[in-house]
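Below, chain A is the first sequence line, B the second, and so on; all start at residue 1.
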Protein chains: 2
Amino acid sequence: MVNSKPYVIGIDMGGTNTVFGIVDARGVVLTSDSIKTRKHSNINDYIDELYAGITRLIESIEAQDKIFGIGVGAPNANYYTGMIEDGVNLPWPTPVPFAQLLRDKFNIPVAITNDANAAAIGEMTYGAARGLKDFIMITLGTGVGSGVVVNGQLVYGHDGFAGELGHVIVKRNNGRLCGCGRAGCLETYCSATGVARTAREFLEIRDGESSLLRNIPIDEITSKDVYDAAMAGDKLAKDVFEYTGNILGEALADFTTFTSPEAFILFGGLAKSGELLLKPLRESMERNMLSIWKNKVKILPSELKEADAAVLGASALGWEAKDK
Amino acid sequence: MVNSKPYVIGIDMGGTNTVFGIVDARGVVLTSDSIKTRKHSNINDYIDELYAGITRLIESIEAQDKIFGIGVGAPNANYYTGMIEDGVNLPWPTPVPFAQLLRDKFNIPVAITNDANAAAIGEMTYGAARGLKDFIMITLGTGVGSGVVVNGQLVYGHDGFAGELGHVIVKRNNGRLCGCGRAGCLETYCSATGVARTAREFLEIRDGESSLLRNIPIDEITSKDVYDAAMAGDKLAKDVFEYTGNILGEALADFTTFTSPEAFILFGGLAKSGELLLKPLRESMERNMLSIWKNKVKILPSELKEADAAVLGASALGWEAKDK
């Protein structure tokens, strides 16, 4: 079959950079570039710069008229409405009809969803979830995001906002304050930020104990510092991963009761901590699992190349884009 | 359109009774009957008695050759495999290929699922969930069951066992021992049994406080007794419902993050407690809800007539039955 429009465009809007690329049907990123997300206070200026950047890419590979659709992953983007509903970190006012603005500018079908959902679609199309019909993507970044796939389809829910598993409350009493205004959310413990918070807590509570992390000003400790210290054998840092994996394992065991996934796919910086995180995570998940699922649910790391992952995930949605 | 097979058979296998009936496409139970579930130690004798009972019903309304399919709701029944996998309360050995046994006997297509899933399908076909594409059925009976519907389809999950929300752990520390072998499961608090347990706990802890429930031997208190006492104005009994509604509300707020349902449908004995349960439940759910869903998710009581509900739910699945 000859496809006259063999490419899609993927746009990943992050808090700092907006990365975009042209991707073929096999998931090869043919060319990509980026602009600063927060440079313009007017959304139209941002769209203009994005249009200019993408047009340059299209021309560079002579892909005019070969673009099937545009897929966008952006925070709080709604698949149903095409709106970015709430952009805490964006310089222009929200809600904004982002899909419509792009469609008007490019005259190409556009589909948008939030970044974790885009990652789930990318993983299903090109990554670790190929062939899986029921899985849950967990993104462990600055926050914790998720994308739930049931019967081969991403779950958007009644209003387009399904899959906010980072905001399941894992500590009912005395939980950590979350950016959402509540306390005890999963993402306050199991994100990169959560790992740094745990490290700071442990350093304060375990006052007399030596740790490599004491060489860093306490407010500047990052999850990467904790990882490096743990890899160097630091007991306190290893305990931070143990604590994090334990809470995440409890949560994943609970999540299993919902959609009975074949696997959880872990994505994002923290997911690359290897056995430091995976060992306590697996042990905790199995210890807390309802018996019918014990030793049956896989935990798989993402298979998308990191540099391309965000664009690939967004681009995969481009194949679903429709004219509206 | 003339449908030559306008009826389905619904079979609801409970721990005590197996109720069955013939249902038309509008959800009218034309005729029904029941047998004892636990009378025979051999599954084939049970099937024979069921066959005889159903055949009598079919003949009584001259519905020979008018049955489209048979739907069964049974504990631990698996939609994919047609097996009853684990029957703690059944007198014959499990797993047992229940769908196949019925199909061989009746020569009619058969579909089976667990009782909570059957209830969700019934509610979607004939009840409070008509027209809803995304909802979660919560059955508050001896235990807590659930059926998750996404995009108009029941979620069976990778292995057919999705929707065990009664076994989400709501108390991590010092939780009540659950029949599943773990501790702190939702159903140890928010089932009829859970309500009775809470009443017993409160009676012990609040030693000096008078309560109508003290007129009943403590080990014999049922959720119905607690309901009656609360309706008579008993403070301790009302507090039991407050406590139950509070925990259930926390859980439903968490569940919302998963599939973003339009509504929760409450079914089962405890769901008929009215505002005694619903008021604290609603308040707790909204208090614990992530802001994007505050005051947006409905809590609806089941609309299926109680006497018919189980059979109706099972029968609705009969329309999905296929020859295998």
What part of A:I136 lies closer than 4.5 angstrom to a heavy atom of chain B: side chain, backbone, both or neither?
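Side chain only.
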If you define the side chain from C-beta out and look only at heavy atoms, does anything of B:D134 sit under 4.5 Å from A:Y156?
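Not in contact.
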So which of A:V155, A:T259, A:T256 has the largest heavy-atom pair count under 4.5 angstrom toward chain B?
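With the most close heavy-atom pairs to chain B, the winner is A:T259.
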Counting heavy-atom pairs under 4.5 Å to chain B, which of A:Q153, A:E250, A:K296 comes out on top?
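Maximum pair count with chain B is reached by A:E250.
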Near A:K279 NZ, under 6.0 Å, is it more than 12 heavy atoms from other residues, nucleotides or ligands?
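Atom NZ in A:K279 is not crowded, with 12 or fewer foreign heavy atoms closer than 6.0 Å.
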Chain A contact via B:F135 - which portion, at a heavy-atom distance below 4.5 Å:
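No part of it gets close to chain A.
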Only pairs of heavy atoms separated by less than 4.5 Å count here; which of B:S146, B:C185, B:G163 has the most with chain A?
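Maximum pair count with chain A is reached by B:G163.
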Ring-plane angle category for A:F258 and B:F258, please: parallel below 30°, perpendicular beyond 60°, tilted otherwise.
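Judged by the thresholds at 30° and 60°, the geometry between A:F258 and B:F258 is parallel.
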Between atom CG of A:N151 and atom CG of B:N151, what is the distance when rounded to the nearest 0.5 Å?
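The CG atom of B:N151 is 10.5 Å from CG of A:N151, to the nearest 0.5 Å.
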Measuring from A:I292:CD1 to B:D159:CG, what's the distance to the nearest 0.5 Å?
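CG of B:D159 is found 6.5 Å from CD1 of A:I292.
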Of all heavy-atom pairs between B:L290 and A:C180, which one has the smallest distance, and what is that distance?
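Looking at all heavy atoms of both residues, the shortest contact is CD1-CB, 3.6 Å.
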Heavy-atom closest contact (A:S260 atom, B:F161 atom, distance)
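Between these two residues, the closest heavy atoms are CB-C, 4.3 Å.
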Within residues 164-177 of chain A, which positions have a heavy-atom distance to chain B below 4.5 Å?
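Result: A:E164, A:L165, A:H167, A:V168, A:I169, A:R172.
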